[in-house]
Every structure is written in structure tokens, then in C-alpha cells.
Undergrad: 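Take a look at the following structure, please.
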Amino acid sequence: MYPSMKNDLIIRAARGETVERPPVWIMRQAGRYLPEYHKVRSKQSFFEMCQTPETSCELTLQPINRFDGLLDAAIIFSDILVIPQALGMQVVMLEQKGPHFPEPLATPEDLEKLEKVPNIPAKLGYVMDAISLTRENLDGRVPLLGFSGAPWTIMAYMIEGGGSKTFTKAKSWLFRYPEASRRLLNMVTEATIVYLTQQVYAGAQMLQIFDSWAGELSPQDFLEFSYPYLVRICEGVKKELNKSKRTVPMIVYPKGAWYALDKLCDSGYDVIGLDWTMDPKEAVRIRGDRRVTFQGNLDPNILYGGREIIESRTKEMIEGFKGGKQGYIINLGHGITPGVNPDDVRFFLEQCHKYGSQT
Ligand SMILES: Cc1c2[nH]c(c1CCC(=O)O)Cc1[nH]c(c(CCC(=O)O)c1C)Cc1[nH]c(c(CCC(=O)O)c1C)Cc1[nH]c(c(C)c1CCC(=O)O)C2
């Protein structure tokens, strides 16, 4: 049994309940904008940090401790690329450059090298251990989120071998090898369902699926190569959890897929994460009376603009989401970036509390 919850605002907001103010958390809230992160990072490689439950727990708690009482959720410190690792691929994190796969998938024959049905508890047990340890150490202060990458985004990394501007290799697969692409997407989907379910058994109270490269696809290709797998994950996780009478709210963050918002409102996800290319009022209009909560969507670069614009844009955003007391979770439209001043982050969080309580 874990400590009882002192703040469950985000769980209630995700379920569509009316709350006293919209909850707030920040994608990548544990990361390189925090000096205390660099202290830990200087002693360990990125994936070593992910693989050490005590370190993962410490990093998860850093923003919660620093911004005590201002954040309404913690997200477990890990990475979406642990799934390619579990499928048998090597991934390293290069300083200043980001993730790198020494041997990315080149042709459909390479799928034979992957572990088709990886033993997730054996390969990623350290994530579950980190989640359990963090749940205990959070002491009920805020709920703990688990997460994974969406199949299309994971596939893109496995083929590109890292970040990309054009996604030529990954998208060539979709068009040249649609069958093999579907096989790969299915493989990632099934591993992800097991992974997310295990995270909940370990103590995760909410789940987010990051489809960071959704917006690289055309609307037609998103509907063919991303959406069905997102839906399958939501259904698969909920069905498995239902066997032990559990439910957790699920968030999908399909970055750039504003064109699919209407369809996503019927996807089964409780929460849809929006990036800053979507006007809050327009999103609310498209949603209509469907019971879906929105999350987002301040441009992370607003945090570089100084206090005046941080305040005015935060206020406008909250007002755009109808004042935010129902169907809304405050966040940035994408992860916070390394150069942001933590004091400006505190100021942003204070404005979220101020205008969220007022409107
Ligand atoms: C695409 C993606 C990745 N990882 C993730 C995504 C989806 C979100 C998004 O679109 O930004 C998700 C992620 N990565 C990390 C978290 C931790 C939890 C949190 O949000 O605080 C989460 C939720 C830690 C991290 N993941 C990474 C770092 C920095 C690593 C370092 O210290 O060298 C951290 C703290 C590295 C990483 N990991 C990844 C990239 C592209 C990079 C390098 C570039 C970058 O940092 O933006 C893959």
C-alpha cells in the first residue's frame, strides 16, 4: 500500500470532473534546465541514470521539491527509447546531440534481428522498480505518471537512428514496405501495452503516450500508420487493467497532429495533449460536448520572453480553455528546453495557480 494522496487534482481533471483550479505539470520537468540535474548527470551516463532506480527517483523528485506545492504531477524519469532497447537495439545518448542508434533498421530483413516478444519485466524491470520507489518517496504529494513513446515515433527512431529533419528513411519504409512497417508497428504496440500495464502495477497513476513525430505525417498517413496503434494501446491497456478492476487515465500527445483532433476526441483517451499550433478556443469548439480533457499548450519558448509575456500568455491560454476548471490540464505545448531559467518556471507555475483559481 502506498501513502494516501494529498493532491489528486490531475486525476479528477483527467476524468472530466469540475475542479477548484486546473492542475499543472511540465513535459520534461526533470531535465537540463535544472542545475541539480547536471550535478547528477555529471556522474552517470543518461541511460545509467534511467537504469538506476535511486537516481531515477531522485531526478523525478527534483522539480517536485524545488517547486514545492506548485506542480500537480510527477513523471517518472526515463526515456521513450527504452522500448527499442528492450526489442534488442543498442541506443546511446550523445552529449549535445541526443539519441543515437549505431545500427538502425535498414531493410525489412533487419526485423529478424529484433526480439519479437520481449520479456518486458526482465528487460525493463528497473523502470518498474523506479516507479515503486518514487511512489513511496512522493508520499502522496502528487500523482506519478508513467509513459511510453507512440509506435510511429518509436519506429521513426529505430529507422532514422536518431533525430531527423525530414524523416526520409522512416517515411520511405511506410511507402516502400507498408507490410513490414505494420509488422514493426504491431511489435512496438504489443510491447508497449505490456510495458504500460506493468508500470501501473508498479504504481503509476496515469499514463502518457508521446507521439512526438505525429505531425511529420500527412493526415492520411497518420490515420493509417499512427492512429490505429494509439487506439490499440489505449484499449489494450484498459482491458488488461480491467481484469484486476483498475483504471488509470490515459493521455495521448500527438505533437503536430492538429488536423486529427476531431478523430482523437473519439479515440478512447481521457486526455489529449495539444501543442501550441492549436488555438485553445478552436480545440474546445471541435471537442463539442465530448468528455475529453485537453492538456497544454503554451509555446515553451514563451518562457524565454520575460515575465510580462509569461503572465499574459498564461492568462489567455487558461481563458481559451474556458477558464480551465473542467476538462483542462495546464502544460507547455512540448518539453521545456535546457536554457530556461528555473525562476521563470516558478513564475509561470505561480501564474497558473493565480489565473486558474480566478477564472
Ligand atoms: C522524443 C522523446 C525522447 N524522449 C522523450 C520523448 C518524447 C517527448 C518529446 O517529444 O520531447 C520522453 C522523455 N525523455 C525524458 C523524460 C523524463 C521525464 C520528464 O518529462 O521530466 C521523458 C518523458 C528525459 C530525457 N531525455 C533526454 C534527456 C537529456 C539527456 C541528457 O542529459 O543528455 C532527458 C532529461 C534525451 C533525449 N531523449 C529523446 C531525445 C530526442 C533526447 C535528446 C534531445 C532532448 O533532450 O530534447 C527521445
Side-chain angles (χ1 to χ4, degrees), residues 24-51 55-67 71 73-85 89 91-101 127 130-131 134 142 144-158 160-165 167 170 188 192 195-196 199 204 206-216 251-257 273-276 295-297 300-301 331-340 342 345:
V24 57
W25 69 283
I26 297 176
M27 289 188 272
R28 296 285 186 97
Q29 63 190 23
R32 286 169 297 173
Y33 74 105
L34 290 175
E36 55 269 39
Y37 172 84
H38 289 280
K39 245 189 177 162
V40 180
R41 177 73 168 90
S42 66
K43 290 181 238 146
Q44 269 179 312
S45 79
F46 176 74
F47 283 112
E48 271 168 9
M49 298 197 305
C50 296
Q51 287 157 9
T55 310
S56 166
C57 172
E58 181 185 348
L59 293 169
T60 304
L61 293 176
Q62 281 181 350
I64 305 300
N65 291 335
R66 175 186 273 261
F67 304 117
L71 284 167
I75 179 161
I76 193 66
F77 188 87
S78 182
D79 201 87
I80 63 169
L81 299 177
V82 300
I83 282 287
Q85 288 175 334
M89 294 186 81
V91 191
V92 291
M93 199 59 75
L94 300 179
E95 208 81 36
Q96 312 297 338
K97 279 191 132 172
H100 172 70
F101 291 62
V127 179
I131 288 174
T134 307
V142 290
L144 178 62
L145 273 72
F147 70 90
S148 71
W152 154 245
T153 289
I154 295 295
M155 168 182 171
Y157 275 110
M158 291 168 86
E160 296 289 342
S164 169
K165 283 211 167 72
F167 292 87
V188 174
T192 301
Y195 180 43
L196 290 171
Q199 291 187 37
M206 209 161 149
L207 298 169
Q208 174 154 323
I209 290 77
F210 288 90
D211 204 355
S212 302
W213 304 127
E216 298 299 323
I251 310 169
V252 63
Y253 168 69
K255 183 172 181 294
L274 303 172
D275 63 77
W276 60 89
Q295 174 176 281
N297 70 341
N301 294 305
N331 206 313
L332 302 180
H334 197 192
I336 188 168
T337 49
V340 171
V345 176

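Each ligand, and each atom within it, is numbered from 1 in the order the structure gives.
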Undergrad: Could you grab the distance from atom NZ of Lys255 to atom CG of Leu274, nearest 0.5 Å is fine?
TA: 12.5 Å
Undergrad: At what distance is the nearest protein heavy atom to atom 8 (C) of ligand 1, and which residue and atom is it?
TA: Phe210 CD2, 3.4 Å
Undergrad: Between ligand 1 and Gln29, is the shortest N or O to N or O distance under 3.5 Å?
TA: yes
Undergrad: For atom 36 (C) of ligand 1, find the nearest protein heavy atom and state the residue, atom name and distance (0.1 Å precision).
TA: Met93 CE, 3.4 Å
Undergrad: Side chain, backbone, both or neither: which part of Ile76 comes within less than 4.0 Å of ligand 1 when only heavy atoms are counted?
TA: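 Under 4.0 Å from ligand 1, Ile76 contributes backbone atoms alone.
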Undergrad: Of the protein's non-hydrogen atoms, which lies at the shortest distance from atom 28 (C) of ligand 1, and what is that distance?
TA: Phe46 CE1, 3.6 Å
Undergrad: Has ligand 1 got any nitrogen or oxygen that is less than 3.5 angstrom from a nitrogen or oxygen of Arg28?
TA: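 Yes.
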Undergrad: Counting N and O atoms only, with roles assigned by atom type, does the side chain of Asp275 sit under 3.5 Å from a partner on the main chain of Gly256, one being a donor and the other an acceptor?
TA: yes
Undergrad: So does Cys50 get a backbone contact from the side chain of Ser78, meaning a donor-acceptor N/O pair under 3.5 Å?
TA: no
Undergrad: Decide yes or no on side-chain contact (heavy atoms from CB on, under 4.5 Å) for Leu71 and Val142, but give the supporting numbers first.
TA: CA-CA 8 Å; Leu71 284 167; Val142 290; 5.6 Å; no
Undergrad: Quick one: look up the protein heavy atom nearest atom 23 (C) of ligand 1 and list residue, atom name and how far away it is.
TA: Phe147 CZ, 3.4 Å
Undergrad: With heavy atoms under 4.0 Å as the rule, classify the contact between Arg32 and ligand 1 as side chain, backbone, both or neither.
TA: side chain
Undergrad: Tell me: protein heavy atom nearest atom 12 (C) of ligand 1, and distance?
TA: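 For atom 12 (C) of ligand 1, the nearest protein heavy atom comes out as Ile80 CG2, 3.8 Å.
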Undergrad: Considering heavy atoms of the protein only, find what lies nearest to atom 10 (O) of ligand 1 and give residue, atom and distance to 0.1 Å.
TA: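 Answer for atom 10 (O) of ligand 1: Ser212 OG, 2.5 Å.
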Undergrad: When you compare the side chain of Glu36 with that of Asn65, does any pair of heavy atoms fall below 4.5 Å?
TA: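 Side-chain contact under 4.5 Å: no.
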Undergrad: Report yes if some N/O of Pro99 lies less than 3.5 Å from some N/O of ligand 1; otherwise report no.
TA: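 No; the residue has no nitrogen or oxygen that sits under 3.5 Å from a nitrogen or oxygen of the ligand.
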Undergrad: Using residues 147-156 as the side-chain source, report each donor-acceptor pair under 3.5 Å to any protein atom, sequence neighbours left out, with the distance given to one decimal.
TA:
| from | atom 1 | to | atom 2 | distance (Å) |
| --- | --- | --- | --- | --- |
| Trp152 | NE1 | Trp213 | O | 2.9 |
| Thr153 | OG1 | Asp211 | OD1 | 2.6 |
| Thr153 | OG1 | Ser212 | N | 3.0 |
| Thr153 | OG1 | Trp213 | N | 3.1 |

Undergrad: Can you list the ligand 1 atoms lying under 4.0 Å from a non-hydrogen atom of Gly98?
TA: 43 (C)
Undergrad: If only atom types and distance count, is the side chain of Gln29 paired as donor or acceptor with the main-chain N or O of Ala73 below 3.5 Å?
TA: yes
Undergrad: For atom 31 (C) of ligand 1, which protein heavy atom lies nearest, and how many Å away is it?
TA: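 Minimum-distance protein heavy atom for atom 31 (C) of ligand 1 reads Arg41 NE, 3.3 Å.
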Undergrad: For ligand 1, note which part of Ser78 has a heavy atom under 4.0 Å away: side chain, backbone, both or neither.
TA: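 The backbone, only.
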Undergrad: Classify the contact between Glu95 and ligand 1 as side chain, backbone, both or neither, using a heavy-atom distance cut-off of under 4.0 Å.
TA: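 Near ligand 1, Glu95 shows nothing, with every heavy atom at 4.0 Å or more.
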Undergrad: With backbone taken as N, CA, C and O and side chain as the heavy atoms from C-beta onward, which portion of His334 lies under 4.0 Å from ligand 1: side chain, backbone, both, or neither?
TA: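 The part of His334 near ligand 1 is the side chain, not the backbone.
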Undergrad: Could you tell me whether the side chain of Tyr157 reaches within less than 4.5 Å of the side chain of Pro99, counting heavy atoms only?
TA: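 Yes. Closest side-chain heavy atoms under 4.5 Å.
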Undergrad: Test your reading of the structure: does Tyr253 have an N or O sitting under 3.5 Å from an N or O of ligand 1?
TA: no
Undergrad: Could you tell me the residue and atom name of the protein heavy atom closest to atom 4 (N) of ligand 1, and the distance to it rounded to 0.1 Å?
TA: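 Minimum-distance protein heavy atom for atom 4 (N) of ligand 1 reads Asp79 OD1, 3.1 Å.
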